[in-house]
**Student:** 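Below is a structure I'd like to ask you about.
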Amino acid sequence: MRFVEREDWGAPESSPASYLASARGVKIHYLGTAYSSRPHSTCDDYVRSIRASHLANRVENYVDIAYTALVCEHGAVFEGRGSHKRPGANGSATLNSRDYAVCALLGSKGLTSPPDAMLTGLCDAIDWLRRDGDAGTWLGGHRDGYATECPGDKLYAWVKKGAPRPGGSAPDPGEDVYVVKAGDYLAVIARRLDVSWKDLAKVNGLREPYTVYPGQELIIPEAASGGGAEVPPFPGAGAFVLGKSHPAVEELDRRLIAKGFTRHHDGNGYQPGPRFTEFTRRNVADVQRSRAELSGDPDGYPGPLTWKFLHS
Ligand SMILES: [Zn+2]
Ligand SMILES: [Zn+2]
């Protein structure tokens, strides 16, 4: 997924919109105005201009850009209000509490047919919200339950077909969705757990082509270590899920504070707590970017090596 975080397109890091624990699913929108193809280098300008126009809208009184995410014709997913934030684009408070709102940069004039890259980006956004935003499987358009043309007939027809990925392309591996494919599948797990896939294969007696099946138990090799310090065992990737609570997150927070990685917080300073928040994730990403051996995949989700470093 080509994901553009809020601060990377010029919005404040965290949206002031209210918290949304989960959603029934995702509603797809379009711009509903004339829109013509543009170079991708100007897409962030366009997203900024949408946010500015929403903030200037005195009738709706938006606190932020109204959409959860926006997808350009080149397939990039721009983080709008983001996951676990109530959108403002679905038409009413009830509708906004029910589904996330993802807007395609598609016009009612000019560019009116969604290109494949855009459809792929929309699929990536939907997968992301199911993974990180507790979105259910319902899919629809703005026009479902609300009188509007949005998201236009062509895009709506695709949504109602179940939003198929163009050309049967593989889903984005993301953080927790494993591609069930020999090699890649194992590689994705290995990256997530910060252990080499070779070690993983060796310990589990797997031979090429490293087929791993969903639900198969894998033995994670202990990180090669010589240190004698007491390091609590790595609690497993399942302890660190965005928006979810786990006692290990509090321990993680204490180590982040001890190491001084606390620049992302809600305005009251970074405090230990059981919930794995976007602030936690971004502080962990800072840790990972700060160390050569952790910087290969600075996704903000701690694996055994990040855990070990934080306890060193
Ligand atoms: Zn709409
Ligand atoms: Zn673009």
Side-chain angles (χ1 to χ4, degrees), residues 1-11 17 20 23-55 57 59-62 64-81 85-126 128-129 135 138-160 163 166 172:
M1 170 163 70
R2 290 165 65 198
F3 191 67
V4 186
E5 293 189 358
R6 288 172 62 87
E7 61 263 49
D8 291 334
W9 59 263
L20 186 65
R24 174 184 66 168
V26 178
K27 273 193 175 174
I28 304 296
H29 295 251
Y30 75 160
L31 296 165
T33 53
Y35 179 82
S36 33
S37 285
R38 63 192 58 237
H40 181 61
S41 57
T42 65
C43 287
D44 60 334
D45 291 333
Y46 198 83
V47 171
R48 266 196 304 281
S49 75
I50 294 174
R51 180 166 184 271
S53 76
H54 286 182
L55 287 176
N57 187 325
V59 179
E60 298 283 354
N61 230 351
Y62 292 124
D64 194 3
I65 193 166
Y67 302 112
T68 305
L70 303 96
V71 176
C72 71
E73 77 232 49
H74 315 97
V77 179
F78 290 82
E79 183 183 26
R81 293 189 178 191
K85 294 286 182 180
R86 195 172 79 172
N90 289 335
S92 71
T94 308
L95 295 171
N96 286 328
S97 301
R98 194 174 291 156
D99 299 302
Y100 287 114
V102 173
C103 183
L105 299 191
L106 190 71
S108 49
K109 290 201 177 71
L111 181 68
T112 57
S113 290
D116 279 359
M118 173 179 275
L119 298 180
T120 299
L122 287 167
C123 288
D124 290 345
I126 293 164
W128 160 61
L129 289 168
W138 187 89
L139 277 182
H142 189 183
R143 64 171 70 171
D144 288 310
Y146 191 81
T148 172
E149 288 293 304
C150 182
D153 290 344
K154 287 174 190 159
L155 189 53
Y156 186 68
W158 174 78
V159 171
K160 287 326 253 186
D172 182 77

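Indexing begins at 1, ligand by ligand and atom by atom, following the structure's order. Remember, predicted model here, so these are calculated numbers, not experimental data.
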**Student:** State whether the number of non-hydrogen atoms from other residues, nucleotides or ligands found under 6.0 Å of Glu149 atom CD is greater than 12.
**Tutor:** no

**Student:** Below 2.8 Å, any N, O or S contact between Cys103 and the Zn ion (ligand 1)?
**Tutor:**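 False for Cys103.
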
**Student:** Write the atom name of the N, O or S atom in His74 that is nearest the Zn ion (ligand 2).
**Tutor:** ND1

**Student:** Which atom, among the N/O/S set of His142, is closest to the Zn ion (ligand 1)?
**Tutor:**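 Checking each N, O and S atom of His142, the shortest distance to the Zn ion (ligand 1) belongs to ND1.
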
**Student:** Are the side chain of Glu73 and the backbone of Ser36 linked by a donor-acceptor contact shorter than 3.5 Å?
**Tutor:**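 Looks like no, no N/O pair under 3.5 Å.
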
**Student:** Aromatic rings His29 and His142: how do their planes relate, parallel, tilted or perpendicular, breaks at 30° and 60°?
**Tutor:**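 Judged by the thresholds at 30° and 60°, the geometry between His29 and His142 is tilted.
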
**Student:** Give me the ring orientation class for Tyr62 and His54: parallel if the planes are under 30° apart, tilted from 30 to 60°, perpendicular past 60°.
**Tutor:** tilted

**Student:** Using the side chain to side chain donor-acceptor pair (under 3.5 Å) rule, pick out the option among Arg81, Arg6, Lys85 that qualifies with Asp64.
**Tutor:**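 It is Arg6; the other options fail the test.
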
**Student:** Restricting to N, O or S atoms of His40, which is nearest to the Zn ion (ligand 2)?
**Tutor:**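 His40's closest N, O or S atom to the Zn ion (ligand 2) is named ND1.
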
**Student:** With respect to the Zn ion (ligand 1), what is the nearest N, O or S atom of His29?
**Tutor:** ND1

